Protein chains: 4
Amino acid sequence: MYIRIRPDSETPIYTQLIYQIKKGILRKELLPGEGLPSVRSLAGDIGINMHTVNKAYKLLVEEGVLTQQKKGFIVNSDTKLEIQPPHLLLYKERLEALVIDTQIFGMSEEMVEQMKQEIEATLKKDDEK
Amino acid sequence: MYIRIRPDSETPIYTQLIYQIKKGILRKELLPGEGLPSVRSLAGDIGINMHTVNKAYKLLVEEGVLTQQKKGFIVNSDTKLEIQPPHLLLYKERLEALVIDTQIFGMSEEMVEQMKQEIEATLKKDDEK
Amino acid sequence: MYIRIRPDSETPIYTQLIYQIKKGILRKELLPGEGLPSVRSLAGDIGINMHTVNKAYKLLVEEGVLTQQKKGFIVNSDTKLEIQPPHLLLYKERLEALVIDTQIFGMSEEMVEQMKQEIEATLKKDDEK
Amino acid sequence: MYIRIRPDSETPIYTQLIYQIKKGILRKELLPGEGLPSVRSLAGDIGINMHTVNKAYKLLVEEGVLTQQKKGFIVNSDTKLEIQPPHLLLYKERLEALVIDTQIFGMSEEMVEQMKQEIEATLKKDDEK
DNA sequence: GTGGTCTAGACCACA
DNA sequence: GTGGTCTAGACCACG
């Protein structure tokens, strides 16, 4: 699994990492129950701070995406992941902001739909593409 | 126009303000060419600092939503607002994050569509509802 | 003589007025010794505040472009206008800023020269064009 | 790199700072990719407020002269900097004002040319002088 | 240690 | 009365 971090993006590195990992799971490059690289090794590999990796992992546990075990972090193998109320609220806020910007900038449904499909294509397992 | 700020939210006050104003425009509570309250009066009304309001206004100008005149800030009356490339990039990033979370948490298209419509309903002029 | 004021420009109105008057003199639409419209009438004509016109006139007197007489303001009829040391300093600062920006943005001498000539063309008496 | 601020000048401190930094870049005292002093340290060094430095830096980012990274502000290393339309407009206005004053005060081409060359000399790397 | 956010409050320029 | 500039100082997010 490839992790691509843009250090100079205005998105915090830990946030980028969170989405790269989620992407890996959706693309089935990370399977349920599979272990993630150790905090130290991943930090070393992609050249970022250990604390940053740790923060991303912890937040993913908090979201229920990962679970933490003695030996390290693994992908949660629960069949059905339920979004927790506080995260659902945040999700709604982000959706609202996006809808507002869509309307304020007069973007058409088609334009947004197309962008969405382009994104979804990148989330498919390579085999399926 | 009512502005509701949650001081304890994680989202910065100026960001909340930006979306409250955009909402006001979409709901036609603020019309093109109409003047906004002065930075100091709005700050006083909602109990925040002048500079925070000023920052929100300035950013809205930068997005093209407002324009600034000698007498103060007014709603841009350009018929068609075009999203600028740097903002479009951010928009896409936010869309991608949302799509990823939608899939990771196994939310159905219907559920998302329903949330979206609830949001859109709040963006309609009261007359039209 | 036509005075064109853009109320929403970020250049202060009194500054715009100063340059419009200087332009009128260079284009010989205002001749040495000729009287300017009264503060009140000009303010009324172009729809701006009386104090603003007065400020422009006063500053032009201070620069030696106009002189003030009992009956009102007239164009200075001195054959040779000498820039005063304090204004020369300001002039140099503005020139420096312009040279710096020219270089920092990599604008060619030709481009600047062309802009300059376009400007100079607008400062010629209509007969001479 | 030396920064000289005149607190009593009419030009705002942040504007002075902007030109001092541009000068430093033209004189190659600040190289592309090089980091600038942190807002707080520079503010401390030249005895002004942090927010004033921050404003100057932000505006330079907006002009494309600097870029902002997680670790701080650095000199943009793009080979060719393009002036943006809104700034070009301002540039033209400033050029026009300068041309008008040159003519109104009867300054000769030679005098202006000499001032220009004196300025340009101060923008050269010390080695080249 | 870096910038980001927010506050409180002062003085000034402009119209 | 409007925004612009500047200051002093606090707490936080990020890495």
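From a predicted model like this one, the values you see are computed outputs, not experimental measurements. Numbers restart at 1 for each chain; the letters A, B, ... are given by sequence-line order, proteins then strands.
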Considering all heavy atoms of both residues, which atom of L42(A) and which atom of P37(A) are nearest to each other, and what is their separation? CB-CB, 4.1 Å

State, to 0.1 Å, how close A56(C) and L17(C) come at their nearest heavy-atom pair, and which atoms those are. CB-CD2, 3.8 Å

So which pairs with a foot in residues 64-73 of chain A pass side chain to side chain donor-acceptor pair (under 3.5 Å), sequence neighbours left out? K58(A)-Q68(A)

Salt bridge (Lys or Arg N to Asp or Glu O under 4.0 Å) partners of residues 33-55 of chain B, not counting sequence neighbours, each pair once: none

Show every ring pair (Phe, Tyr, Trp, His ring centres under 6.0 Å) that has at least one partner inside residues 38-64 of chain D, sequence neighbours left out. Y57(D)-F73(D)

Return the residues of residues 12-23 of chain A meeting this criterion: a heavy atom under 4.0 Å from some atom of DNA chain E. Order them by number, or give none. none

Chain C reaches DNA chain E, atoms under 4.0 Å from its heavy atoms, from dC14(E) to dA15(E)

Of K70(D) and K71(B), whose closest DNA chain F nucleotide lies nearer the 5' terminus? K71(B)

Partner residues of E62(C) under the salt bridge (Lys or Arg N to Asp or Glu O under 4.0 Å) criterion, sequence neighbours left out: none

Using the side chain to side chain donor-acceptor pair (under 3.5 Å) criterion, which residues pair with E29(A)? Sequence neighbours excluded. R27(A)

My understanding is that only residues two or more places apart in sequence, or in another chain, count here; which of them pass side chain to side chain donor-acceptor pair (under 3.5 Å) with N76(A)? none

Could you say whether V39(D) or T11(B) is positioned toward the 5' end of DNA chain E, judged by the nucleotide with the nearest heavy atom to each? V39(D)

Using Watson-Crick and G-U wobble pairs whose two distances are both under 3.5 Å, how do you write the pairing of DNA chain E as dot-bracket, with | for links to another strand? ||||||||||||||.

Looking at residues at least two apart in the chain, or sitting in another chain, which of them share a side chain to side chain donor-acceptor pair (under 3.5 Å) with Y14(B)? none

By nearest heavy atom, map R40(B) and R40(D) onto DNA chain E; which one lands nearer the 5' end? R40(D)

Do Q84(C) and L88(C) make a side-chain contact, defined as non-hydrogen atoms from C-beta onward lying under 4.5 Å apart? no

Please determine whether side chain to side chain contact (heavy atoms under 4.5 Å, CB included) holds for the pair M1(D) and K23(D), giving the CA-CA distance in whole Å, both sets of side-chain angles, and the decisive distance to 0.1 Å. CA-CA 10 Å; M1(D) 181 189 155; K23(D) 242 171 143 163; over 6 Å; no

Tell me whether T102(A) contacts the main-chain N or O of L98(A) through its side chain, where contact means a donor paired with an acceptor under 3.5 Å. yes

Residue-level proximity of residues 45-64 of chain A to DNA chain E when a heavy atom falls under 4.0 Å: none

Sequence neighbours excluded, which residues qualify as salt bridge (Lys or Arg N to Asp or Glu O under 4.0 Å) partners of E93(D)? R6(C)

